Amino acid sequence: MRVTGSMRTTGNESWRSWGWRFHPNLLVTGRLHFPQLALRRRLGQLSCMSRPALKLRSWPLTVLYYLLPFGALRPLSRVGWRPVSRVALYKSVPTRLLSRAWGRLNQVELPHWLRRPVYSLYIWTFGVNMKEAAVEDLHHYRNLSEFFRRKLKPQARPVCGLHSVISPSDGKILNFGQVKNCEVEQVKGVTYSLESFLGPRTSTDDVPFPPATPCGSFRNQLVTREGNELYHCVIYLAPGDYHCFHSPTDWTVSHRRHFPGSLMSVNPGMARWIKELFCHNERVVLTGDWKHGFFSLTAVGATNVGSIRIYFDQDLHTNSPRYSKGSYNDFSFVTHANKEGVPMRKGEHLGEFNLGSTIVLIFEAPKDFNFKLKAGQKIRFGEALGSL
């Protein structure tokens, strides 16, 4: 196909360097031909479609936009097309479906002869220390799920008795400190709303979030004692870490709130990229009291984390096929027979992930509470987080 007509020597000189030639109704580069009027009509049809359908139709073009060399799809911008942002593109990936498929795959029993090479590859890739495992023989683990949830030798993680709060899991410290302006840092410089993360302080089942309350009033609902402050600590569990989590202190769990949601990756790079990532992802919030007032532990789901399990909560089911965005459901452990809740001792087994994920602690403590941490440091279950 030939293109007739001359090229302007001023405004289009920059396009010549890209190899583009113009026709009133055609854009050409090398052997790629873009009929301008046809594209305008097609994009006009797309703009009239519903948002879900529009996302679906424009998704392949957006993928090509980010994969092909820079400028390869530049002519499309002349007819009104704009790529979906990288964040929106990533959010459109069916991570919940992929995570359920991964969970099913993890349950498949591996042949005896295949277990050692498969687990050895995982150990080499993620730096797993099998000398700490209660069972070091790789043939013992029938499937990937059993291997991920392996138990440790009792002496592998001594629990620190000198400090009031210990690490509930192995992992990396992403952030910690005092909660300011009702916002918590998921990584340095990237914050999320405390109320969006924990939800309102009312026990209603399967209802969307009400309008946000003023910051001071929500904080006052959490801080029960005069002179206390709110503190937070974020621990990221990598795929090679020990996948169980434990009670970080002596406390009583009175309530569970489950937020169905996305299952996006929670690694530190993604946490810097997506604002309020922890508020988008599926999570299980356990709240209660310790000797200084309010205490909460939140297990945040992630890609390929097929399930979050709380050992004493048999009614909890995560990563369901369908859910209502922005909804949550509550469950109270305080009953007529048990008016206090579920008592937990420091270091006691609390739950587990199917792969790596994140633990967020938010708690009330006196102003002289001090963390014994550095941002970015590796930590193991049982080691000190902080004390008075």
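Predicted model only: the values in this text are computed from it and were never measured.
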Main chain of [Y], side chain of [X]: is a donor-acceptor contact present, judged purely on distance under 3.5 Å?
X	Y	value
Thr252	Val342	no
Glu146	Arg142	yes
Ser167	Gly382	no
His292	Ala365	no
Tyr119	Tyr141	yes
Tyr122	Pro239	yes
Arg257	Thr287	no
Thr249	Trp251	no
Asp250	Lys346	yes
Glu364	Phe294	yes

Find out whether [X] and [Y] are in side-chain contact, i.e. whether some heavy atom of one side chain is under 4.5 Å from a heavy atom of the other.
X	Y	answer
Trp290	Ser164	yes
Ile123	Leu138	yes
Leu388	Pro366	yes
Leu222	Leu198	yes
His232	Val234	yes
Leu297	Pro168	yes
Thr298	Ile362	no
Leu385	Ile173	yes

From [X] [atom1] over to [Y] [atom2], what is the distance, rounded to the nearest 0.5 angstrom?
X	Y	atom1	atom2	result
Glu109	Leu144	CD	CG	12.0 Å
Ser254	Lys339	OG	NZ	14.0 Å
Leu121	Thr125	CG	OG1	4.0 Å
Thr318	Phe259	OG1	CZ	14.5 Å
Tyr311	His349	OH	NE2	5.5 Å
Ile235	Ser169	CD1	OG	4.5 Å

Spell out, yes or no, whether [X] and [Y] are grouped together once hydrophobic residues are joined by side-chain heavy atoms under 4.5 Å, including indirect joins.
X	Y	result
Val285	Tyr328	yes
Val159	Leu373	no
Phe381	Leu162	no
Ile308	Ile359	yes
Phe147	Val135	yes

Atom of [X], atom of [Y] and distance for their closest heavy-atom approach:
X	Y	answer
Phe176	Ala375	CE2-N, 3.5 Å
Gly341	Pro343	O-CD, 3.4 Å
Ile166	Gly347	CD1-N, 4.0 Å
Gly293	Thr224	CA-OG1, 3.8 Å

Apply side-chain contact (heavy atoms from CB on, under 4.5 Å) to residues Leu237 and Phe353 and explain how you reach the verdict. CA-CA 9 Å; Leu237 288 73; Phe353 293 110; 3.9 Å; yes
Show your reasoning for whether salt bridge (Lys or Arg N to Asp or Glu O under 4.0 Å) applies to Glu352 and Arg149. CA-CA 7 Å; Glu352 63 187 34; Arg149 296 180 287 108; 3.7 Å; yes
Where do Phe369 and Phe363 land on the side-chain contact (heavy atoms from CB on, under 4.5 Å) test, with the steps shown first? CA-CA 11 Å; Phe369 181 87; Phe363 57 92; 3.8 Å; yes
Checking ring pair (Phe, Tyr, Trp, His ring centres under 6.0 Å) for the pair Phe333/Phe312: CA distance, chi angles, key distance, verdict? CA-CA 10 Å; Phe333 299 109; Phe312 58 77; 5.2 Å; yes
Show your reasoning for whether side-chain contact (heavy atoms from CB on, under 4.5 Å) applies to Asp313 and Leu286. CA-CA 11 Å; Asp313 188 355; Leu286 300 177; 5.5 Å; no
So, Asn143 versus Arg115: side-chain donor-acceptor pair below 3.5 Å or not?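 Side chains of Asn143 and Arg115: no pair found under 3.5 Å.
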Does a donor on one side chain sit under 3.5 Å from an acceptor on the other, for His163 and Glu383?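 No - no donor-acceptor pair under 3.5 Å links their side chains.
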Give the ring-plane orientation class for Tyr242 versus His246, where under 30° counts as parallel, over 60° as perpendicular and anything between as tilted.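 Aromatic pair Tyr242/His246 classed tilted.
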Measure the acute angle between the ring planes of Tyr231 and Phe371, then classify it against the limits of 30° and 60° as parallel, tilted or perpendicular.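 Perpendicular.
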Are any of the side-chain nitrogens in Arg150 or Glu132 under 4.0 Å away from the carboxylate oxygens of its partner?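 No, Arg150 and Glu132 are not salt-bridged.
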Checking salt bridge (Lys or Arg N to Asp or Glu O under 4.0 Å) between Asp170 and each of Arg157, Arg380, Lys378, which is the one that passes?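 Output: one option passes, namely Arg157.
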Inter- and intrachain pairs under side-chain hydrogen bond (donor to acceptor under 3.5 Å, both in side chains), touching residues 365-377, at least two apart: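 Residue pairs passing side-chain hydrogen bond (donor to acceptor under 3.5 Å, both in side chains), neighbours aside: none found.
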Apply side-chain hydrogen bond (donor to acceptor under 3.5 Å, both in side chains) to Arg309 and list each qualifying residue two or more places apart in sequence or on a separate chain.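 Listed in chain order: nothing, the list is empty.
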Show your reasoning for whether side-chain contact (heavy atoms from CB on, under 4.5 Å) applies to Lys151 and Cys244. CA-CA 8 Å; Lys151 303 300 181 184; Cys244 297; 3.6 Å; yes
Using a 6.0 Å cut-off, check whether atom CD of Glu340 has over 12 heavy atoms from anything other than its own residue.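 Counting neighbours around CD of Glu340, 12 or fewer heavy atoms of other residues, nucleotides or ligands fall under 6.0 Å, so no.
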